[in-house]
Amino acid sequence: MRIVYVVGTRPNFVKTAPVIAALRARLPEGRHALVHTGQHYDRLMSEVFLEELGVPAPDHLLEVGSGSHAQQTARVMERLEPVLTEERPDLVLVPGDVNSTLAAAVTAAKLQIPVGHIEAGLRSFDRTMPEELNRILTDQLSSHLFIHSPEAGENLRREGIAEEKVHFVGNTMIDMLVALEPRFRAAGAAERLGVQPGEFLLVTLHRPALVDGPLLPETIGRLAALGREMRVVFPVHPRTRKMMEAVESEHPGLLLSEPLGYLDFLSLLADSGAVLTDSGGIQEETTYLGIPCFTLRDNTERPVTVEAGTNTLLGLDPAAISTIPSSLKSSRKRPAQPPPFWDGKASQRIADVVAGAGQSG
Ligand code: UD1
């Protein structure tokens, strides 16, 4: 069996690394070719992750870089098509909801190569988010839809996707977290940054709706005010850094850093008192770890994290940041109770499905 895996961004690497490892072990005679589109390209956004996750060097680098949505998507399609023609895979596996995901799914489907979508079926029901369009279209083009929560299955059913294509396998991002747990527990990132475990707020923000407009300066102001009550640690995504250049961001109590490697980031996450984010993956990682998460968005495509009790939707409203200390005081700390199949074995379940399909096909 010949499989091509297409990744492009930081969270893609995390979601795909354990799937590559599981399929390589299950199908050692097969061809496993990794394509890196180059959507993320800075060392701190790309190589560091691949090294820490134990991902083999990519077989194909498309080097598409940044651009408008159409440019980025089109460049991946143009450069991936000859790679797929050369590799002749039986399956193309794509993770998540970024532009590289959609571009790879379209390219493969038009060459009549079956597509497997890792993390299928998530919906925010907000079509102003580019990721929502990427999710809907990728799911429509996929032959194998690997879902991590029952509501993802309901969303797909509503969109008319045949039941036999949908496989409830669990969360491959949590597979990676489970595999790295001994290492990130020993990494001591909080200590190195000079913050007390359990006492600080970890912040990540990068969504265009928040950082590309007037909400960003207000958010920084609110974080600076909160920094007088608890330390705030904020590793800054390059998109956000670019937009922050015009914003006053030096404040006591607000500790800004470059993007972190995955082990250091998970170490900080596990040691944080709470997290403020607009990321999807971090809503899931905090659910697994039992860390209170405040999501600065109007909606989430991951309602399972709200049901689990760890995630609170604050709305797309920087003023809500000031409610975090009182929410933390009034909420009872509860032990982490990960959703079903968020157990470190999702990639094995994907390997079962793919290896089974290979035999029957
Ligand atoms: C992308 C995904 C988003 C995902 C996020 C994870 C889309 C539409 N968006 O958003 O869903 O949550 O990745 O991080 O696919 N840049 C650098 N260096 C890099 C990468 C980006 O400086 O290595 C800067 C560039 O100025 C670029 C901007 O960040 O224009 C945005 O990068 P892009 O890949 O377009 O989107 P993200 O915001 O990273």
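As the structure is a prediction and not an experimental result, all values here were calculated from the model. Numbering of ligands and ligand atoms starts at 1, following listing order.
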Requested in this report: Look at atom 7 (C) of ligand 1 and say which protein heavy atom is nearest, naming residue and atom and giving the distance to 0.1 Å.
Outcome: Q39 NE2, 3.6 Å

Query raised in the report: Salt bridge between D97 and R135, side-chain N to carboxylate O under 4.0 Å?
Result: yes

Query raised in the report: Any protein heavy atom lying closer than 4.0 Å to atom 30 (O) of ligand 1?
Result: yes

Report task. Would you name the heavy atoms of T9 and V98 that are closest together and state the gap between them? Result -> OG1-CG1, 3.7 Å

Query - Which of the ligand 1 atoms, numbered from 1, are nearer than 4.0 Å to a heavy atom of N99 - result: 7 (C), 8 (C), 15 (O)

Query raised in the report: salt bridge (Lys or Arg N to Asp or Glu O under 4.0 Å): which pairs involve residues 199-208, sequence neighbours left out?
Result: E131-R207

**Report entry** Approximate separation, where rounding is to 0.5 Å, of S322 OG and R222 CZ
**Finding:** 5.0 Å

Requested in this report: Could you give me the CA-CA distance, side-chain angles and deciding distance for F294 and L328, then say whether side-chain contact (heavy atoms from CB on, under 4.5 Å) is met?
Outcome: CA-CA 10 Å; F294 296 90; L328 284 175; 4.0 Å; yes

Query raised in the report: Under 4.0 Å from any heavy atom of M45, which atoms of ligand 1 are there?
Result: 23 (O)

Query raised in the report: Is N134 in polar range of ligand 1, meaning some N or O pair under 3.5 Å apart?
Result: no

Query - ring pair (Phe, Tyr, Trp, His ring centres under 6.0 Å) contacts in which one or both residues fall within residues 205-240, not counting sequence neighbours - result: H40-H237, H206-H237

Query raised in the report: Quick one: which of R43, H237, H206 has a heavy atom closest to atom 4 (C) of ligand 1?
Result: H206

Query raised in the report: Which atoms from ligand 1 have a heavy atom of K242 less than 4.0 Å away?
Result: 26 (O), 30 (O)

Query raised in the report: Are more than 12 heavy atoms from other residues, nucleotides or ligands located less than 6.0 Å from atom CD of E250?
Result: no

Requested in this report: Pick one of side chain, backbone, both or neither for how S46 approaches ligand 1, counting any non-hydrogen atom pair under 4.0 Å.
Outcome: neither

Query - Under 3.5 Å: N/O of R10 near N/O of ligand 1 - result: no

Query raised in the report: Evaluating non-hydrogen atoms only, which member of H40, R239, Q72, E131 is closest to atom 11 (O) of ligand 1?
Result: E131

Report task. Please check if any side-chain donor atom of N299 sits under 3.5 Å from a side-chain acceptor atom of R297, or the reverse. Result -> yes

Query raised in the report: Which of the atoms of ligand 1 are close to S66, meaning less than 4.0 Å from one of its heavy atoms?
Result: 25 (C), 27 (C), 30 (O)

